Amino acid sequence: MSEKCKKCLLNEAGENKSLKLVEDYLNSLEQELKVTHDIYGKRLSMCKACDNLISGMCIKCGCYVEIRAALKDKCCPDYDNKKW
């Protein structure tokens, strides 16, 4: 039995159904609500390096990091050690 990645984003963790729901949701949002592609990538990179990431979810707030990182009005939920 192969182990699934725990400190990964949804697509890397094999969470394809959840990833599809997240992508559909993000695609339904107006562009002005979302950060640029570059900022999104930087935020996700910081999330991937964080110990609070487990299979695409942040254990600080329970969100899918792909959603939180995409939204302009959101920030890192780790109030003691904000990454972005």
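If you're wondering where the values come from, they're calculated on a predicted model, not measured in any experiment.
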In one Ile/Leu/Val/Met/Phe/Trp/Tyr side-chain cluster, 4.5 Å: V65, L19: yes

What distance separates E23 CD from L10 CG, expressed to the nearest 0.5 Å? 9.0 Å

Heavy atoms of other groups near E30 CD, more than 12 under 6.0 Å: no

Which heavy atom in I59 sits nearest to a heavy atom in D51, and how many Å separate them? CD1-O, 4.4 Å

Under a 4.5 Å side-chain heavy-atom rule over Ile, Leu, Val, Met, Phe, Trp and Tyr, are L21 and I67 clustered together? no

Got a second to check how far L33's CG is from D73's CG, nearest 0.5 Å? 7.5 Å

Inter-residue atom distance N81.CG - D78.CG, 0.5 Å rounding: 5.0 Å

Results of side chain to side chain donor-acceptor pair (under 3.5 Å) for D24 - residues two or more places apart only: K20

Contact summary for W84 and A69, nearest pair of heavy atoms: CH2-CA, 3.8 Å

Supply the atom-to-atom distance C50 SG to L44 CG, rounded to the nearest 0.5 angstrom. 12.5 Å

Donor-acceptor under 3.5 Å (K82 side chain, C76 main chain): yes

Gap separating the CD atom of Q31 from the NZ atom of K72, nearest 0.5 angstrom: 8.0 Å

Tell me whether the count of non-hydrogen atoms from other residues, nucleotides or ligands lying under 6.0 Å of NZ in K42 goes above 12. no

I want to check something: taking the side chain as every heavy atom from C-beta on, are C61 and R68 in contact at a cut-off of under 4.5 Å? yes

Flag side-chain contact, heavy atom, 4.5 Å: L26 against Y40: yes

At what distance, to the nearest 0.5 angstrom, does CE of M46 lie from CG of L53? 13.5 Å

